[in-house]
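Whatever order the structure lists ligands and atoms in, that order sets their numbers, starting from 1. Side chains are part of it too, since the values below use all heavy atoms of this structure and drop only hydrogens, waters and symmetry mates.
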Amino acid sequence: MFVDQAEIYVKGGDGGDGCVGFRREAYVPRGGPDGGDGGNGGNVYFVAVDNVDTLMDFSGRHHWRAEDGKKGMGKKMTGKSGKHLVIEVPRGTLIYDKDTGILLKDLTESREKVCIARGGKGGRGNVHFTTPVEQAPRHAEPGKPGQERNLRLELKLIADVGLVGKPNAGKSTLISHISEARPKIADYPFTTLHPVLGIAELSRHKRLVIADLPGLIEGAHEGAGLGDTFLRHIERTRVIVHLLDVMPFDGSDPAENYYMIRNELNKYSNILAAKPELIVANKMDLTNADEILDQLRDELGKPILAISAVTGKGLVNLLEKLWYMVQEQRDLDESRSDEKTPEFFLSEEPMGEEDEFLDLGE
Ligand SMILES: Nc1nc2c(ncn2[C@@H]2O[C@H](COP(=O)(O)OP(=O)(O)OP(=O)(O)O)[C@@H](O)[C@H]2O)c(=O)[nH]1
Ligand SMILES: [Mg+2]
């Protein structure tokens, strides 16, 4: 199952209550206050990891809580702080506040960590409340409640390259030839129902993460076929491979297919429309493919790379070319990153009401 959205509730641990206590020692008739502070509640963190690639863990569990702080104790002993809760999510997870719709964090880097719900502060014990007139305070502070949030998590796979094309163009065949990914391959349309990531290793230090996507058909932006919502997975890829079948089973014209897919990408978003595209003609092992390719080059007036995903012809060249394009794009993106909108910072405000005291009695 491929889960790319989830809704959950998170809560930081509550702070432990401060303690009302008095020294009771032999030969000390009127011991002063000695109630310790409550421990702080644990925070809820999210961390991006590489070894998880779905939000499936969240489908069966909606409530995620960090541990509460323990109560303060006599002899000025502070209660134990609650343990933090660290929730692992795939790299590329966007964390939204479900109630406000605000994007709290976009976890793109591996091991990137963010505190999403703070634990409440522990209350102060009565030892803090002596005044010249009040030598034996019988009140302490209650712990503050932990911050709670309803969240919507959304996974946008982060691939360097996204494969787009009509059903049957050979996208899955291609990714299974250049990576360990093994999506289903068949001669009927819509074999691939959800995006699949594969990692192509050009050499030890040159790797490309490639996303195989379901096929697109005319009207996908209006929901035809499998629709186009999965395109959001490639909004963040650096490069698109537009895979063209030189001899489509359905007898359609490759040039027309090219423009149809372009139209769907343009309708989906400006970001996708503007993404660098490498046009790749597949199934070049078929007879007469060369003539069709020449014609296609004339018609589109654009460079087209020729491959056969089945025989492997042209694939090394394809990967080298992609590597170069991805690096070029990465440099460009980085030089633009200064213009990025500032990150949303989580509130530092103290939680709960400051002046509320709980009379715990003796
Ligand atoms: N002759 C030839 N056939 C190919 C080549 N690449 C893919 N095919 C065949 O084309 C058909 C469709 O291949 P897939 O890889 O499933 O196509 P897809 O683009 O992933 O299709 P969807 O998942 O339905 O969008 C299969 O029968 C493949 O064997 C190729 O290079 N040459
Ligand atoms: Mg497929």
Side-chain angles (χ1 to χ4, degrees), residues 1-2 4 53 157 159 161-200 208-221 223-234 237 239-265 268 272 277-294 296-297 304-319 321-322:
M1 185 172 44
F2 181 82
D4 55 5
D53 56 12
L157 297 177
V161 177
L163 299 181
V164 295
K166 276 186 70 170
N168 274 333
K171 301 175 293 298
S172 302
T173 310
L174 173 59
I175 205 166
S176 51
H177 208 120
I178 57 181
S179 77
E180 302 273 304
R182 292 287 173 268
K184 196 168 154 191
I185 294 168
D187 59 0
Y188 54 81
F190 303 120
T191 316
T192 304
L193 298 175
H194 59 72
V196 174
L197 278 193
I199 299 170
L208 285 171
V209 181
I210 300 179
D212 175 23
L213 295 183
L216 283 169
I217 57 168
E218 187 158 18
H221 68 279
L226 294 174
D228 66 354
T229 49
F230 53 81
L231 283 180
R232 77 185 135 93
H233 292 300
I234 56 159
T237 60
V239 174
I240 289 173
V241 164
H242 188 148
L243 200 61
L244 286 175
D245 185 342
V246 284
M247 285 189 190
F249 295 165
D250 60 6
S252 57
D253 175 55
E256 277 173 21
N257 290 343
Y258 173 79
Y259 290 116
M260 182 278 287
I261 296 278
R262 280 307 314 171
N263 186 37
E264 294 301 326
L265 297 178
Y268 182 78
L272 265 197
E277 172 194 63
L278 180 63
I279 310 173
V280 178
N282 187 31
K283 309 196 184 179
M284 291 302 295
D285 53 286
L286 298 175
T287 25
N288 299 333
D290 290 327
E291 287 126 67
I292 299 173
L293 180 62
D294 286 343
L296 195 57
R297 282 185 170 133
I304 304 177
L305 215 78
I307 64 160
S308 165
V310 162
T311 67
K313 192 169 166 249
L315 297 189
V316 173
N317 186 24
L318 168 66
L319 290 179
K321 174 87 186 153
L322 284 175

In chain-and-number order, ligand 1 lies under 4.0 Å from a heavy atom of each of Lys166, Pro167, Asn168, Ala169, Gly170, Lys171, Ser172, Thr173, Ile185, Ala186, Asp187, Tyr188, Pro189, Phe190, Thr191, Thr192, Gly215, Asn282, Lys283, Asp285, Leu286, Ser308, Ala309, Val310

Identify whether NZ of Lys or CZ of Arg in Lys166 sits under 6.0 Å from the centre of the six-membered ring of Tyr259 and within 45° of that ring's axis.
no

Donor-acceptor pair between Asp285 and Thr311 side chains, under 3.5 angstrom
no

Look at the N, O or S atoms of Thr173, main chain and side chain alike, and state whether any lies under 2.8 Å from the Mg ion (ligand 2).
no

Pairwise distance CD1(Ile199) to OG(Ser179) - rounded to 0.5 angstrom
8.0 Å

Going from CG on Asn257 to CG on Leu243, what distance comes out if it is rounded to the nearest 0.5 angstrom?
11.5 Å

For Leu278 and Leu318, what are the C-alpha separation, side-chain angles and deciding distance, and is it a side chain to side chain contact (heavy atoms under 4.5 Å, CB included)?
CA-CA 9 Å; Leu278 180 63; Leu318 168 66; 3.6 Å; yes

State whether Thr191 contributes an N/O/S atom found under 2.8 Å from the Mg ion (ligand 2).
no

Rounding to 0.5 Å, atoms CD (Glu277) and CG (Leu265) come to a distance of 7.5 Å

Side chain to side chain contact (heavy atoms under 4.5 Å, CB included) with Phe230: which of Leu216, Leu193, Thr192?
Leu216

